[in-house]
Amino acid sequence: MITERMAADLGVKTSFINSVARGASYAYKTYTIPKRGGGDRVIEHPSKQLKALQRWYLEYVLPGFPVHRAAMAYRKKTSIFDNASIHTASKYLLRMDFQNFFPSIVESDLKAYIQARATLFEAWTPFDIEVFCMIVLRRSHLTIGAPTSPALSNILCFDMDSQMSDVCAKHAVNYTRYADDLFFSTSQPNVLKTVQAEVGGVVSGLTLPAHLQVNPDKTRHASKRRARRVTGIVLGSDSKPYIGRRLKRKIRSLIFNMDLLNAKARARLAGLLAYAVGFDAAFMNSLIMKYGHAKVRKAQFPS
């Protein structure tokens, strides 16, 4: 019934959706972008037809599934500032990271979720489930590039986030997850080492998703003696969040070289500028003093 509803909404036949679904894993363009820490990230971009079907699920189906309050990424009206704000008053911060986050969430995880939450899928036929899995997965796993992957990652990590929250509640520790980044904070000394060990136990014992692994090279402990960063936000020693000098330098550099930027880069600059000024209104005044009102306005509103 879900597939028939999609067909009616999109003005296509069910047989067309089935055909796209069966060829979905081959309907991607693959390219790489450099990672900030070195190496390349593989992006798999779906065809227009496949993306249209994925976006239908994203708009009309996935919002009906529960997402844990600790999951801060990929949610409307929730920003990296909201994520950072939860940790600003704490003295100690632990950051952990999953390796290969999206590709580690696979078809068996999605089907286990469907089976465990059968009441959410009462109106789904076996055909609906088969088509859904083929459309939102590529070669049986989530992929970076499909518009449904971020929302599905939050949905399928609900039980994990619940277990993490239970561990942290026991130790009076704050917990949030921003995509593959896990953040834990407290003002009690010598607690986060214990939490780190227990979190490792939770991850190794997960049955949904069953294949996540912590990247030990990216586990970081920090305190107010050192710079603490949460999704790019600097947690100041005064318990306030700041955008930090690194982002400010980047914005200044982009404005300085604005005439060399293409349309996509200018749009990204406008977004970064709006985001930064939302945190620090005085930053806008410093940019105007340095580059002039006309140039800064041009950066804000690219033609």
- [ ] Spell out, yes or no, whether Val42 and Leu152 are grouped together once hydrophobic residues are joined by side-chain heavy atoms under 4.5 Å, including indirect joins.
- [x] no
TODO: Report yes if the side chains of Phe184 and Leu182 come closer than 4.5 Å at any heavy-atom pair, otherwise no.
DONE: yes
Open item on the list: Is there a side-chain contact between Met6 and Tyr57 in this structure, where contact means two heavy atoms from C-beta onward sitting under 4.5 Å apart?
Closed with: yes
- [ ] Taking all heavy atoms of Met134 and all of Ala21, pick out the closest pair and write down the distance.
- [x] CB-O, 3.5 Å
- [ ] Using only heavy-atom distances, determine whether the side chains of Arg22 and Asn18 contain a donor-acceptor pair under 3.5 Å.
- [x] yes
- [ ] May I have the step-by-step check of side chain to side chain contact (heavy atoms under 4.5 Å, CB included) for Val202 and Val167, ending in yes or no?
- [x] CA-CA 9 Å; Val202 168; Val167 167; 3.9 Å; yes
TODO: Taking atom CD of Gln99 as the centre, report whether more than 12 heavy atoms of other residues, nucleotides or ligands fall under 6.0 Å from it.
DONE: yes
TODO: Please confirm whether the backbone N or O of Ser15 pairs with a side-chain atom of Ser19, one donor and one acceptor, at under 3.5 Å?
DONE: no
Task: Steps toward salt bridge (Lys or Arg N to Asp or Glu O under 4.0 Å) verdict (Lys295, Asp259) - done: CA-CA 10 Å; Lys295 190 164 188 174; Asp259 293 338; 5.1 Å; no
Task: Arg5, CZ atom: more than 12 neighbouring heavy atoms under 6.0 Å - done: yes
Task: Audit row: Val191, Lys193, side chain to side chain contact (heavy atoms under 4.5 Å, CB included) steps and yes/no - done: CA-CA 6 Å; Val191 171; Lys193 285 287 187 181; over 6 Å; no
TODO: Grab the two heavy atoms, one from Ala299 and one from Ile255, that are nearest each other, plus how far apart they are.
DONE: CB-CG1, 4.1 Å
Open item on the list: Treating Asp128 as the side-chain partner and Met1 as the backbone partner, does any N or O pair qualify as donor plus acceptor under 3.5 Å?
Closed with: yes
Task: Straight-line distance of Asn215 CG to Asp180 CG, nearest 0.5 Å - done: 9.5 Å
Task: Residue pair Thr143 / Phe102, side-chain heavy-atom distance below 4.5 Å - done: no
Open item on the list: Within this structure, what is the NZ-OG distance for the pair Lys248 and Ser286, rounded to the nearest 0.5 Å?
Closed with: 6.5 Å
Task: Non-hydrogen atoms of Leu208 and Ala112 that approach each other most closely - done: CD1-CB, 4.4 Å
- [ ] Take Phe183 and Tyr178, measure what ring-ring contact (aromatic ring centres under 6.0 Å, His included) needs, and give me the verdict at the end.
- [x] CA-CA 8 Å; Phe183 297 96; Tyr178 200 92; 7.9 Å; no
TODO: Determine whether more than 12 heavy atoms belonging to other residues, nucleotides or ligands lie under 6.0 Å from atom CD of Gln196.
DONE: yes
- [ ] Please assess Leu10 against Leu53 for the test side chain to side chain contact (heavy atoms under 4.5 Å, CB included), listing each intermediate value before the final yes or no.
- [x] CA-CA 8 Å; Leu10 298 179; Leu53 303 186; 3.5 Å; yes
Task: Side-chain donor/acceptor of Asp109 to backbone N/O of Val106, under 3.5 Å - done: yes
Open item on the list: Once rounded to the nearest 0.5 Å, what's the spacing between atom CD of Gln163 and atom SG of Cys157?
Closed with: 11.0 Å
TODO: Measure the acute angle between the ring planes of Tyr31 and His45, then classify it against the limits of 30° and 60° as parallel, tilted or perpendicular.
DONE: tilted
- [ ] Give me the ring orientation class for Phe121 and Tyr113: parallel if the planes are under 30° apart, tilted from 30 to 60°, perpendicular past 60°.
- [x] perpendicular
Task: Any donor-acceptor pair under 3.5 Å from Arg266 side chain to Met258 backbone - done: yes
- [ ] Give, for atom CZ of Phe132 and atom CG of Leu110, the distance between the pair rounded to the nearest 0.5 Å.
- [x] 5.5 Å
Open item on the list: With heavy-atom distances below 4.5 Å as the criterion, would you say the side chains of Glu130 and Trp124 are in contact?
Closed with: no
- [ ] Evaluate whether atom CG of Asn190 has more than 12 neighbouring non-hydrogen atoms of other residues, nucleotides or ligands under 6.0 angstrom away.
- [x] no
Open item on the list: Using a strict threshold of under 4.0 Å (side-chain N to carboxylate O), is an ion pair present between Arg139 and Glu107?
Closed with: no
- [ ] May I ask you to say whether Lys170 pairs ionically with Glu198, meaning some side-chain N is under 4.0 Å from a carboxylate O?
- [x] yes
Open item on the list: Let's go through Cys133 and Lys111 carefully: what are the C-alpha distance in whole Å and the side-chain angles of both, what is the deciding distance for side chain to side chain contact (heavy atoms under 4.5 Å, CB included) to 0.1 Å, and is it a yes or a no?
Closed with: CA-CA 8 Å; Cys133 291; Lys111 289 187 173 178; 4.0 Å; yes
Task: Main-chain N/O of Val173 paired with His171 side-chain donor or acceptor, under 3.5 Å - done: no
TODO: Compare all side-chain heavy atoms of Leu94 with those of Thr219 and state whether any distance is below 4.5 angstrom.
DONE: yes
Task: Any Phe98 side-chain heavy atom under 4.5 Å of Met160 side chain - done: yes
Open item on the list: Using modelled atom types and a 3.5 Å cut-off, is there a donor and acceptor pairing between side-chain atoms of Ser253 and backbone atoms of Arg249?
Closed with: no
Open item on the list: Distance check, rounded to the nearest 0.5 Å: Asn174 atom CG versus Thr88 atom OG1?
Closed with: 9.0 Å
Open item on the list: Would you say that Pro66 contacts Ile155 through its side chain, given a criterion of any heavy-atom pair below 4.5 Å between the two side chains?
Closed with: no
TODO: Side-chain contact test, heavy atoms from C-beta onward, threshold under 4.5 Å: evaluate it for Met96 versus Val199 and give yes or no.
DONE: yes
Task: Minimum heavy-atom distance Ile17-Ile135, with the two atoms named - done: CG2-CD1, 4.0 Å
Task: Donor-acceptor contact present, side-chain Asn100 to main-chain Pro103, <3.5 Å - done: no
TODO: Check the pair Lys13, Glu4 against salt bridge (Lys or Arg N to Asp or Glu O under 4.0 Å), reporting the backbone distance first and the verdict last.
DONE: CA-CA 8 Å; Lys13 294 182 178 180; Glu4 292 176 1; over 6 Å; no
- [ ] Check Ala73 against Asn154 and note the closest heavy-atom contact, atom names and distance.
- [x] O-ND2, 2.8 Å
Task: Donor-acceptor contact present, side-chain Ser47 to main-chain Leu50, <3.5 Å - done: yes
Open item on the list: Please determine whether a side-chain nitrogen of the Lys or Arg among Arg75 and Asp82 lies less than 4.0 Å from a carboxylate oxygen of the Asp or Glu.
Closed with: no
Task: Shared hydrophobic cluster, Leu120 / Phe158 (ILVMFWY, side-chain heavy atoms < 4.5 Å) - done: no
Task: Atom of Val61, atom of Ile2 and distance for their closest heavy-atom approach - done: CG2-CG2, 4.4 Å
Task: Separation of Glu44 CD from Ser149 OG (nearest 0.5 Å) - done: 9.0 Å
